Protein chains: 2
Amino acid sequence: MKPYTHPAASEMTLPGVMQALSDPCRIEIVRALLNGGELACNEVELKVSKATKSHHFAVLRDAGLVLTRSEGTRCMTSVRREEIDRRFPGLLDLVLMEKPKRTRRKAG
Amino acid sequence: MKPYTHPAASEMTLPGVMQALSDPCRIEIVRALLNGGELACNEVELKVSKATKSHHFAVLRDAGLVLTRSEGTRCMTSVRREEIDRRFPGLLDLVLMEKPKRTRRKAG
DNA sequence: ATAATAATTCGACGATTGTCGAACAAAGGA
DNA sequence: TCCTTTGTTCGACAATCGTCGAATTATTAT
């Protein structure tokens, strides 16, 4: 019913997207969306309450990074990949970067 | 005299650098350093007090983005370009991105 | 109509942040 | 030695942030 407002791609700012991606939870969300395509908030596992999760989705939405559409009782969210790639090339690659897992190999 | 501590390159985190770059002042600082090489805090013009400017340099330093060395009464600061490029490829290109200046052209 | 599901909104809270002026410290030059 | 320059540190302050539980809305299923 309430139709989620999204900023135009041109409204995205560098400090804005940096800010949005400065929280580990939100990086995790974007990473999940990049890997999983369109997901409901429900389908992104986080160790925070649902209120907090909803907040993080809203922050990403307001920054212009994700697009949310209502479908039934769920909110399907996806990364605005093309627009981000056009405006901030390489940004999403950074998000996808593997965390430095300290594997137990002798030489890497 | 007091010898500025810097984190190892491996201590840099994605949320950490994003956080550090989420402030327009700090983006401006990094941009100036990328264009101007090694600069004293003094040589980066910002419309904030010197206390605040010192704070912003410290935040960038703690995030691992810049390296500061004492020279006389000045503190010469430079971007840790190679380490950042190795760990977060493309990050500095984002910082260098031109702000969307709305020029008055008819077609761009 | 009732219940269940999914998500948002509303305070509230402690923590962090950006900002400043004032005080301080270190180095260099008069 | 004293003064200037450069930068840091120290409260302090308002603003923002991340977090939560509880209440609310909206949709679907029974």
Side-chain angles (χ1 to χ4, degrees), chain A residues 1-7 13-33 36-78, chain B residues 1-7 13-30 32-33 36 38-78:
Chain A
M1 185 69 272
K2 175 160 46 43
Y4 297 111
T5 65
H6 302 88
T13 67
L14 185 57
V17 299
M18 291 296 191
Q19 167 92 289
L21 293 174
S22 67
D23 184 283
C25 282
R26 293 195 290 264
I27 291 182
E28 211 50 52
I29 292 174
V30 174
R31 213 174 264 162
L33 295 176
E38 197 182 36
L39 295 177
C41 303
N42 199 19
E43 300 173 299
V44 178
E45 280 186 24
L46 287 179
K47 53 179 181 348
V48 296
S49 75
K50 72 178 168 168
T52 302
K53 197 189 290 190
S54 181
H55 162 69
H56 285 312
F57 271 87
V59 170
L60 290 171
R61 203 157 48 225
D62 293 347
L65 291 176
V66 304
L67 190 137
T68 303
R69 129 188 111 77
S70 229
E71 176 165 307
T73 71
R74 291 165 323 204
C75 71
M76 303 307 292
T77 301
S78 55
Chain B
M1 187 68 277
K2 176 162 44 47
Y4 297 109
T5 65
H6 301 88
T13 67
L14 186 57
V17 300
M18 291 296 192
Q19 167 93 289
L21 293 174
S22 68
D23 184 282
C25 281
R26 294 197 287 267
I27 291 182
E28 210 50 53
I29 291 174
V30 174
L33 294 176
E38 198 182 35
L39 295 178
C41 302
N42 199 20
E43 300 173 299
V44 179
E45 281 187 24
L46 288 179
K47 53 180 180 351
V48 296
S49 75
K50 72 177 168 171
T52 301
K53 196 188 292 189
S54 182
H55 162 69
H56 285 312
F57 271 89
V59 171
L60 290 171
R61 203 156 49 225
D62 294 346
L65 291 176
V66 304
L67 190 138
T68 303
R69 121 189 117 76
S70 228
E71 177 166 303
T73 70
R74 290 165 322 201
C75 70
M76 304 306 293
T77 301
S78 56

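Naming: A, B, ... by sequence-line order, numbering from 1 per chain. If you're wondering where the values come from, they're calculated on a predicted model, not measured in any experiment.
Within the structure, a side-chain polar atom (N or O) of Gln19(A) is placed less than 4.0 Å from OP1 or OP2 of dC17(D). One finds a side-chain N or O of Tyr4(A) lying less than 4.0 angstrom from the OP1 or OP2 phosphate oxygen of dT8(C). The phosphate of dG18(D) has OP1 or OP2 within less than 4.0 Å of a side-chain N or O from Arg26(A). Taking 4.0 angstrom as the limit, His56(A) places a side-chain polar atom (N or O) nearer than this to OP1 or OP2 of dT19(D).
For Asp23(A), whose side chain is taken as the heavy atoms from C-beta onward, the closest listed nucleotide among dA7(C), dT6(D), dT19(D) is dT19(D). Of the candidate nucleotides dA7(C), dT19(C), dT6(D), dT19(C) has the atom nearest to the side chain of Thr52(B). Checked against dT8(C), dG21(C), dT8(D), the side chain of Ser49(B) finds its nearest nucleotide in dG21(C). Checked against dT8(D), dC20(C), dG18(D), the side chain of His55(A) finds its nearest nucleotide in dG18(D). Ranking dT19(C), dA22(C), dC20(D) by closeness to the Ala51(B) side chain, first place goes to dA22(C). Side-chain proximity of Thr73(B) to the nucleotides dA7(C), dG28(C), dT5(C) is greatest for dG28(C).
Residue Ala40(A) is classed as a sugar-phosphate contact, given heavy-atom separations below 4.0 Å to backbone atoms only. Using a 4.0 Å heavy-atom distance criterion, Val59(B) is classed as making no nucleic acid contact. Looking at heavy-atom distances under 4.0 Å, Arg61(B) makes contact with sugar-phosphate atoms alone, never a base.
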